[in-house]
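Input: a single structure, listed below in C-alpha cells.
Every chain is numbered from 1 and lettered A, B, ... according to where its sequence line falls, protein lines coming before strand lines. Just the heavy atoms: all of them, side chains too, but no hydrogens, waters or symmetry mates, feed the values below.
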Amino acid sequence: MHIQEEYSERHVLSLTVSNEAGILARIAGLFTARGYNIDSLTVADITPDHAISRITIVTSGPPKVIDQIIAQLDRLVPVHKVTDLTDNGPFVERELALVKVAGVGEDRIEALRLADVFRAKVVDTTIESFIFEITGTTDKIDNFIGLMRQIGLVEVGRTGVVGLIRGKEPN
Amino acid sequence: MAEKSGADILVECLIDLGVEVVFGYPGGAVLPIYDALFNHPKIRHVLVRHEQGATHMAEGYARSTGKPGVVLVTSGPGATNAVTGITDALMDSIPMVVITGQVPTQLIGTDAFQEADTIGITRHCSKHNYLVKSPAKLAGVVHEAFHIATTGRPGPVVVDIPKNVQIATAPYEKPETFEHASYRPQIKADAGAIASAVEMLAAAERPIFYTGGGVINSGPEASELLREIAALTGAPVTSTLMGLGAFPASSDQWIGMLGMHGTYEANWAMNKADLIVCVGARFDDRVTGRLDAFAPFAQKIHIDIDRSSINKTVEVDLPIVADVASALSDMIALWKDRGHKAADLTEWWARIDGWRARNSLAYPESGEEIMPQEAIAQLYRASRSAKDVIITTEVGQHQMWAAQHFGFDEPNKWLTSGGLGTMGYGFPAAIGAQVGNPDSLVVCVAGDASIQMNIQEMGTASQYRLPVKIFILNNEYMGMVRQWQELTYESRYSNSYSDSLPDFVKLAEAYGWTGIRIEGPQELEAGIAQMIDTPGPVLVDCRVAKLSNCFPMIPSGAAHTDMLLDPSQVEGIMSDEAKALV
C-alpha cells in the first residue's frame, strides 16, 4: 500500500483576534496538529488601543481540511473573525521583501535595471552590493528573487503576506 | 529495492539502533507495530499495566544502564497516559524515545476514535517530537529521534506514527550517520574558559564542587573525572538529589546533599564558599533557597551542556557550555600542565568540620516505634553486603530520608524523580532498572501513599519474574504534605492522611509476591534481611513512626543559613509571601 498525496491548494486567511498571550500558539497548533505547514504568517495590532491584532496566514492543504481549520479557528475564544480571502471574491495581497544582492560591473547595472522593471527601491548600497525593497504579490517577489539569484543574491528577508478584500466592506 | 511496511521499518530501525527492550501496551493504532514485533524476537517487549508505568520503566532502565529507554503506546489515551512520564524525563534529562500510534492520516483532525493531538500535547513536555506522515520518512525520523534523545542534554523524544503509515510501504536502508542541520550540541568547552576555571580553582581559599545529574548523564567517565579533580584540589563536594552517587558518599571530601533537605555542612559551605564550581547542576529552587541570600561570597563557575541553564536563575561569573566529562578532562589536563598543587584548605576544612559536628542528620531514638530514618539506615547496612544495589524512590518524606541516610558510592544506582517530583515514579522505575540489570538488588523505597499511584505494575513484575523489592515506609500519611501543613497551616491536616489503605501483605500475595510486615524495631533487621534473601519480588510493609518529619529543612523562601534542624524550631505559621512559594 502507498499513501496517496492529497490535492492541496493555497489559501490566504485573514483573522482578527484579541491581542493576548498565547493566541499565536493556539492558532499555530491547529495547523501543526494536522501536519500542515503555515507558508507565511503576519501579526500586528491594528487598533489605536492595541486590543485587536490582524493575523494573516498563507497555508496549503486539501479544501476540506482548510474548511475545517477555518471552523476551528473561529471556535477559538479570542478569535473575532476569520475570512478566507481566497474564497471571498477579489482581494489585494501584498508582501514586502528586502533582497541583498552583491556584484560589480555589468551585474550591478543589470540588477538596477531589473529593480526598475519591478519597481523595487534601493534602500542600502555599498560599492559591491545593494539591498532592494520590493512589495507585491508572492509570485512577483519570487520572480524578482529568481532573477537576482542569477546575478548574485546574498540573502532575503520577507514579511509574509497581508491581504484585504477589495471594495468598501471590511474583511 | 524491496519495500517494507512502516511497522517493519520501525522495528528494523530499533534493531539497527541497538534497542533491546521496549516497554509498552498495545492498542488499535499500534496493532501493525505489535504484529511486526511478533516476528522480531530480538526485541524484548515488556507488557505494562498502564502507560505511565511504561514511561517510568523506560526512565529507570535508561538511568541505570545509560542506554535510551524506549516506550511504545497506542494513540489517544495511550499517549495521554504517557505524558507524565515524558514530562518527568524532560525535567530530569533522561534519554527516552516514545513511539505513539496515531489515527490514519486521513482521519487526523476529525475527532476520530482514540484520536488525540499527541504532537500538540507533548510539544512542551518533550525535547522534540515528530508526526511522521510517510513511511519513506520514518527511518530518518527514528534515527534522528534517538540521536536527539541521547545527545546534548538528554531528554524524551516523541514519534507519532499514524496507522496507515505503519501499513504503507517504502524502501528501507539503514541511514548513514548524519549531521543535523540545526541541532549541534556543544561538547567541547572554550579553551579560554577552561583556563580561567583552572586559575580560579587554584586561587580559591574556600572552594566547593556543587554537582548534579549532569555528571551522571555524561557517563561513568565523568564520575571518574569528578573524583580525580576533587582529589587534585582537595575541595569539598556536595551534590543535588539527582547527582547522588557521582561522587562516593564514603569519601572524606563528601559533605552530603545540599538544598532544602541537605546537610547543615553542605548548605553552610555553599553560603561561605569563595568559589562554587557547579558541575552539571542547574541552581534549582530546592537547592538555592532564597535567591538573594544564595552564596553571597562566592564566584561561580557553571559547567552545563545546556546553554539555557546558564544564568537562568543565578548569575554566574564563568559559564562553560560543554559536556561535563569533556570539560573536567580539559580542566584536569591543564591543572596538571600548569603544575598546580592543591591549596592549603586546612582552615576551610576546619570550618566544615565544625558544621559537620552539628550532626544535622541525627534523629531522635524511639524504643516503641521504628524511626523511618533508622529503617533506611538499616536497609543501607544490610544491602552493603549484597551485590550491586540500585535504589529507586517515590516522592515525599521517604525519598528525602533515602537520599540522606543511604550512601551511594557509584553513579546510576540512585533513581528518583527530582524535577517533576512524580509520585508513582519509583516502582515502575525499579522494574525498568531490574530489566536492565537482572543481577542487581533493586529496591524501591516508597511511601504508603505514593506506592498506590502505580501499584498495578506488580503484575508486570510477576509476569516477567523480576525480583524487585518494594520497601514501604508506612506512616499512614502523605508525610511531606502533612509536614508542610505543620510548618505552614498550624497542623490542619487537610486530606493528607491515608485512609482505607489496603493490606499490603495480602495484596502482595494476591499478585504472587512475598509480603512481609515489619511492625517494631525488634523486627527491622530480620525483616530487611528476609526481604533481601527472598528470591522473587517482595513487598515490605514497614510500619514507622507516624509523625516523624524530615529534617534538616530549609523552608521555602529561606536562606541556606536559616535551616531548621529539628521540630522544636517549627513555628507552624508562615507569611503569605513564603506560603506562595513552591
Spatial distance of atom OG1 (B/T169) from atom CE (A/M1) [nearest 0.5 Å]:
8.0 Å
With a 4.5 angstrom heavy-atom cut-off, could you sort out which part of B/Q106 is near chain A: side chain, backbone, both or neither?
neither
Other residues, nucleotides and ligands only: do more than 12 of their heavy atoms fall within 6.0 Å of CZ on B/F113?
no
If you look at every heavy atom in B/D117 and A/G29, which pair is closest and at what distance?
OD2-O, 4.3 Å
List the atom of A/I3, the atom of B/P135, and the distance in Å for their closest heavy-atom pair.
CD1-CD, 3.9 Å
Flag if over 12 foreign heavy atoms under 6.0 Å of OH, B/Y25:
no
Is there any residue in residues 97-128 of chain A with a non-hydrogen atom under 4.5 Å from a non-hydrogen atom of chain B, and which ones are they?
none
Evaluate whether atom CZ of A/R158 has more than 12 neighbouring non-hydrogen atoms of other residues, nucleotides or ligands under 6.0 angstrom away.
yes
Could you look at B/N164 and say if it's the side chain, the backbone, both or neither that has a heavy atom under 4.5 Å from chain A?
both
One option among B/G6, B/P104, B/G109 has the most heavy-atom pairs under 4.5 Å with chain A, and it is B/G109
Check the surroundings of atom NZ in B/K137: do more than 12 heavy atoms from other residues, nucleotides or ligands lie under 6.0 Å from it?
no
Other residues, nucleotides, ligands: >12 heavy atoms within 6.0 Å of B/R307 CZ:
no
Atom group of A/E6 that falls short of 4.5 Å from chain B, counting heavy atoms:
neither
Does a sphere of radius 6.0 Å around CG in A/D49 hold more than 12 heavy atoms from other residues, nucleotides or ligands, not counting ones at 6.0 Å or beyond?
yes
